[in-house]
Amino acid sequence: MAINTLPSSSNSRGCTAKSPGKMSSPTNTGLHCLFLLVSACCQTPQGSNFYPFPYVIDSILEQESFHPEMQRQKRNMLILDLPLPEYTVDIEVSLKDSSYLDPIKDYFKNVSLTVPVNISNAQTTVSNISITTVCLPSGENNSCCFCENGYAWPSTVCSDVMPCPSLSLEPALPCGYTQKMPFYGPYCEPQTEDSCGMGEPIVMNMSVRLDTEFQDDLKDSSSVLYQKYKGDLEKAFNASYRCLPGFVSATVMGFSPGSVFVNYVVRTGAASFTQVGDSNRAVPQFLDSSYQLNPSTFTRVITNQTKFTVKPSNIFEGDTVTLTCEINSTFANATWYHSDQPISTSSRYSIETVLATRRSILKITNVTMKDSGSYRCIFILSSPFHTEIHTAKETVSVFPLHVTPNFEDIDVTCNSPEVQTKGFLLSCCIDRHLKSLKVSWKVNGTINITGESILSGNCTGYQLNINESLCPPEKSGAVTTYTCELETGHGARRTRSIGVTYLRKAHITISSSTNSTVSEGYAFNVTCESDVSNYDSISWKIQSGDGTKTVDCDMCVKNKFPATSVLTVKSATQDWRGTYICTFSQKNLESSANVTIEVISLPLKQNILIDPITTSIQCEVPHALECCISAKTVRDYRVTFVVQQNEFQVEKRKKDNLFCYMYNHTEKECKKEKEVVAYCKFINHIGQGVDSEHMRLHLIPGKKVSCSDRLGTGTERATLIKPCCDVKSPKGFTRGNTTYQCINSSWRVVRNDCLSGPINDLLSSAESLVNSPEAKAQLPSYLAQLKEQTGKELTTISNSSANLGAIVTILDMISSIPAEAEELTIQNFLSTVDLVVNDSTTEAWKNLSKENTRQSSLLLQSVENFSLRLQPVNNTIPSVSANTIQLQGAVVKENNNTDYNKDFRSAENLTVNVLISGTEIQTLTQNSTIVSVMYSKLGCILPQNRFEYMNGLLITTTLSNNRSQKFDVNMTFAKKNLSLKMPKCVFWNFTLNNHRGDWDTSGCTTTESGNYVICSCNHLTSFSILMSPDRSSEVSFEAYISYVGLAISIVSLVVCIIIESLVWKYVTNNTTSYMRHVCILNIATSLLIADVWFIVTASIDQNQQRSRDICIMATFFIHFFYLCVFFWMLSLGLILFYRLVFILHNTSKTAQKAVAFCLGYVCPFVIAVTTIAVTLPKNNYTRKDVCWLNWKDSKALLAFVIPALIIVATNLFIAAVVIIKILRPTIGDRSSGQERKSLFQIGKSVAILTPLLGLTWGFGLATIIKNSHRAFHIVFALLNTFQGFFILVFGTLWDKKIQEALLKRNSSSKWSSQQSKSSSLILVTPMLAMSYPFSRTFNNLCGKTGKYRVSSSEPSTSSTENTSKAYSLLN
């Protein structure tokens, strides 16, 4: 039963009992209610949607009335015929006077319900009447309802009930809940476990902020402040939260800074967001305002009401992961965090929040290991007095998906029978089993061998079907990539590739150029070919007896297409006999072939002793000739002597350690003195032979023999050369010879070039080593021996140029062998070089220099070759020093851009620095070596120039990478003698001076900087600096003549050209005169240009590379234009000769001009271009000291001298013809006056022709003669530098026609009258002619002038006319 106390103004549905001011008795009211209760129970079945009808006890009217709706319900219900069940009926009683409330409660507690009641003919028994709900008015249209003891609100409305506004702050009052009026339930029910506020209470973690300053005492739970805050706050919390359904308690848990945050726990039943917020709003009412509680900061964190799911359960890199958070309450927004960092939508993250389903979904695509960690979802719902946060946290672990192949890379021999039969299995496995695993294989490569895929557990296999036909020889070594791809089913995909290198065992063929036998000393080669061209390496081995020798394949020539290796042996020895095994290697697959070669004994040419080497023989007198070999090497040879191409049999005889073959030669053809050549020939049993060195026999017929003994015969001062016999030597002789001279009827030794025994042995060992298949391996031990023996024999070497030359020869031979860059090996080589350039060997080097040998150049070249072939050990080149030699180097590494910068310092404290920029280093291939060697003594033994001295250290820099393009290197030399001037950067050019070598400046530029000289060169070799004494003040008399003469000559030539242009049309009135002036003008122009270029060369510093290029250009133009001068002189002479000799023949002006221009320019151009094309590539086009054609090295000067001399000779002949013509007598005797006139004409002709025909160059013949008198040089310089002046005077100003033309030019009136009189000459103005004479200069030069029409009165051909034209060349 629910009882409502209503205000007078309230309205109720149904029958309303209005309470009068007085009620006759409470019993009457209770009875009426009971009657109504029983009536309703009889009509309404239990469980129906029953709305209790109100019955109002109206104490005023004392009458009953039913609501019309209830009446209709009654009529409907009465027609039912139902059994008699039990019913529970809710009845709402509304009272307008609350004073009746307690009496009614008491009445129903004590009423007896045993009397049955008949309602509508139905007997009804009321078993119990209880008051469950009491509602009191609370504001307009609201009431505050309370449940009686033992009753509670149903769970269905638990979250909807709201506490009534407190009318009092007294917390002891019961809690009421606001209901809207009219109130139709549901009403309080008997308490059960499911009732509102019953059951186990929940714990709400709450926090609120106090806007006061935080004090440290709040951290101490035992402090007074802490206890005060705790007590006051708990009291307020308990008072405000007590009306929450099922409230138990509110407990403060602590305080935290940030103002003051109060953390507390509320234990209560299930309370809604609104209920908690309403309770939060009441808290300030129960708390002192000094706490400054901020009511908007109430927050509840809920951690156990969110459903967090992660799919898939096993996550791998690359998967797509879905994280879902779902709660059972509404929220305003959702936020995701990863490791406490907020997540926002991006290409990999997508967040979908659906308010209707109360869930939020985070999707991560292509997860990585970095995505592992804790993920948190947060749902937030806020109101002014409460914020509720739902949060959940899960840890996500991302596992790497490891795919492990059974091979990373594998080599497969595709023509292997086993592989073709069984196939080959590739496989990929992952480290865990996955049900949704998907697998695929992909094949990529030039060799397309496929297979079948197999899936077993967490592994997939691929069985290859290999067929030899799919793997041709040309594709051997090709790599086919097999890629396995595994997918997890959730997006993760992993691939691994297996590279299969398909190899094919090669078919090797081997052949020898000598079949199976070869003689000692003969060259042969062995060729090995493979059908597989893509090999990695080729190795050669020689198997002989029980041993195997590995051949250093620097001697091998290798080709890729076709795959060929040729092992070349220059000189066979017994070390080369055996079975040759050629092996082509590709990866780990080796394919071999072999051939056996037998080496047949035959003496080496250098091991055959000839006696005599050079001697004199008499006519008809027998002379013994011998060829000897070591007795230890004797085999069954067939030996013959060959004299003048005739073979003779020999006698055999053993002499000590030698076995000699002798023949007594008698020369019978004795008509004249001659030289007879003889040698012996050794032939072995396979028919191969060797010839000894030649014996030179000088026949002396009819001459008196002065010396005759066992050594030989010869005339006085005759020379005899004998071999060096040495009984102690195992070979019986040593290298070298002894030279005798017949003096006073006795042979005396004038030169002993015999090698000492140890040096002879070293030379023989070096020859064997160079020709050994294991030269590289044996080199270190030989170098140690060489250094030791050279030191012991240093005295012998110092006293014998032959021994010194032998050591240099040894060094040159072994420098061709590649050497490992071991410090001891380098030390031994450099120490040997250091010994032979020791001060004690100076005299021996001077003797070698006098003999014009190339040993000093050869020694330098041997060091270059040795450093060039050094092979790094542990990727380094050690720094090694001897007394006068230092070596440093570097190995080029990948991506190395470090400068190559090496400093050297000699014992004399001279320095040199070598610098190669990192930019140049980067252009080199990996593992290339750069080696620099500094010499402080070796440069002194090189041939020296007369006026230039090496004024610094000598430095050699070599590069193992053979480069054809330029390679820049910078060197800084310290000057040795500071008084020397004019530094030149030079390098030693081994090809110059007939391969004896000389200094060259090509490719180098010089920069002088105080006591240092900086050389920048574009190539590598041996460099130094040359400097000269200061001779700037020593200007020769010839130089003065040249400078003054050239200045006068240039001015004269310019004046000559100007005069010719002024009078051109007045002096070219016939063909002969016309051609004469064309020649003079071209001679003057060519000579002027040549002289200008000559002056340009005087200002060139040849130490600079740029100036060097200008020097080459200047030399070309000087050569060309001087040749033009000569050939135009030749043209002038030929025209004169033509007019004097071929009097009756007349040639057109055009033809003469064409011939003259071809001679004047085309021929010189061909000669000049041919000269530079032949000599410039060899760097010997110009001289080193001046810009002129080279003579010493290339004889390029002949390209000027020969044409010049031929032209001078031709013009001398023409001059002679002219003089003869002048002297030719006329009819009758010539008077003395005529003779004087003739002589005057001859003198005038010679004066004119000498400069014009280049006859002054005839004096140049005298200057090229060695040690010629200085007077010839002065006369030659005087005549030729003043040649331009001579041409102006004798070729132009002395010409009467030119004189007349100039006079007429000066008198305009005369010129005008002369113009009117010349009716027979009509001038046709040339196309390019202007009124100014200078504008016609170039037209005149090319012969382009006005055309003249000759009057008809002039005969076309006349002996007299032609002769006069010829003589006009001289007038």
Side-chain angles (χ1 to χ4, degrees), residues 511-527 540-545 547-552 555-556 566-581 594-610 626-642 650 652 654 657-661 679-694 723 729-735 760-779 782 809-810 813-814 816-817:
S511 61
S512 171
S513 61
T514 61
N515 295 325
S516 60
T517 57
V518 64
S519 297
E520 284 188 86
Y522 274 65
F524 71 96
N525 58 67
V526 184
T527 303
W540 287 86
K541 294 182 179 179
I542 302 175
Q543 190 172 3
S544 178
T548 301
K549 304 171 185 176
T550 300
V551 180
D552 185 1
M555 293 180 289
C556 303
V566 180
L567 173 61
T568 300
V569 181
K570 296 179 180 179
S571 179
T573 63
Q574 292 300 321
D575 290 336
W576 291 98
R577 73 180 187 278
T579 301
Y580 286 68
I581 304 171
N594 62 79
V595 65
T596 301
I597 294 178
E598 182 183 0
V599 179
I600 307 301
S601 295
L602 189 67
L604 298 178
K605 190 170 189 174
Q606 64 267 26
N607 292 334
I608 301 175
L609 177 86
I610 57 172
E626 287 184 346
C627 280
C628 303
I629 59 174
S630 174
K632 296 181 179 180
T633 61
V634 173
R635 297 293 185 271
D636 186 17
Y637 303 127
R638 181 168 62 88
V639 183
T640 58
F641 257 98
V642 178
V650 298
K652 302 177 182 179
K654 190 173 185 303
N657 292 329
L658 297 174
F659 197 87
C660 297
Y661 302 86
Y679 61 91
C680 56
K681 178 182 292 186
F682 289 75
I683 301 174
N684 58 18
H685 70 271
I686 62 172
Q688 292 181 330
V690 61
D691 295 340
S692 70
E693 296 287 353
H694 288 184
S729 172
K731 293 184 178 181
F733 66 96
T734 61
R735 303 285 181 86
N760 185 74
D761 295 338
L762 286 173
L763 181 59
S764 298
S765 299
E767 291 169 344
S768 300
L769 177 66
V770 171
N771 294 318
S772 171
E774 296 179 306
K776 183 177 177 180
Q778 297 172 0
L779 179 62
Y782 179 81
T809 302
I810 291 171
M813 284 192 294
I814 63 177
S816 64
I817 304 172

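The first residue of the sequence shown is numbered 1, and numbering continues consecutively from there.
- In terms of modelled atom types and a separation under 3.5 Å, the side chain of S764 and the main chain of N760 share a donor-acceptor contact.
- In this structure the side chain of V650 never reaches within 4.5 angstrom of the side chain of C680, judged on heavy atoms.
- The minimum heavy-atom distance between P723 and I610, with the atom names listed, is CG-O, 3.2 Å.
- Checked by atom type, the side-chain pair S519/N684 shows a donor-acceptor distance below 3.5 Å.
- The shortest distance between side-chain heavy atoms of V770 and I817 falls below 4.5 Å.
- Remark: side-chain polar atoms of W576 are paired, donor with acceptor, to backbone N or O of N771 under 3.5 angstrom.
- Rounding to the nearest 0.5 angstrom, the gap separating the CG atom in D691 from the OH atom in Y679 is 5.0 Å.
- Classification of the F659-Y661 ring pair by plane angle, with boundaries at 30° and 60°, yields perpendicular.
- The number of heavy-atom neighbours closer than 6.0 Å to NZ of K570, taken from other residues, nucleotides and ligands shown, is 12 or below.
- By the SG-distance test at 2.5 Å, no disulfide connects C660 to C627.
- Residues Y522 and V569 form no side-chain contact, since every pair of their non-hydrogen atoms from C-beta on lies 4.5 Å or further apart.
- Looking at I608 and E693, their side chains never come closer than 4.5 Å, going by heavy atoms from C-beta outward.
- A side-chain donor-acceptor contact under 3.5 Å links S513 to the backbone of N525.
- Ring planes of F524 and Y580: perpendicular class, angle over 60° (limits at 30 and 60°).
- For the pair R735 and L763, the tightest heavy-atom approach, listed with the atom from each and the gap, is NH1-CD2, 3.4 Å.
- Of all heavy-atom pairs spanning A572 and V518, the tightest one is CB-CG1, 4.2 Å.
- Separation of atoms CG (L769) and CD1 (I814) is listed at 7.5 Å; rounding is to 0.5 Å.
- Annotation: the span from L602 atom CG to N607 atom CG amounts to 11.0 Å, rounded to 0.5 Å.
- The CZ atom of F682 sits 5.0 Å away from the CD1 atom of I629 when rounded to the nearest 0.5 Å.
- With rounding to the nearest 0.5 Å, the separation of CD1 in I542 from CD1 in I597 is 8.0 Å.
- Between K549 and the options E774, Q543, K541, a side chain to side chain contact (heavy atoms under 4.5 Å, CB included) holds for only E774.
- Contact check for V690 versus L604: no side-chain heavy atoms found under the 4.5 Å cut-off.
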Exercise. Show the numbers, then the answer: is there a side chain to side chain contact (heavy atoms under 4.5 Å, CB included) between Q688 and I600?
Key: CA-CA 9 Å; Q688 292 181 330; I600 307 301; 6.0 Å; no
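- Atom SG of residue C628 and atom NZ of residue K652 lie 13.5 Å apart, to the nearest 0.5 angstrom.
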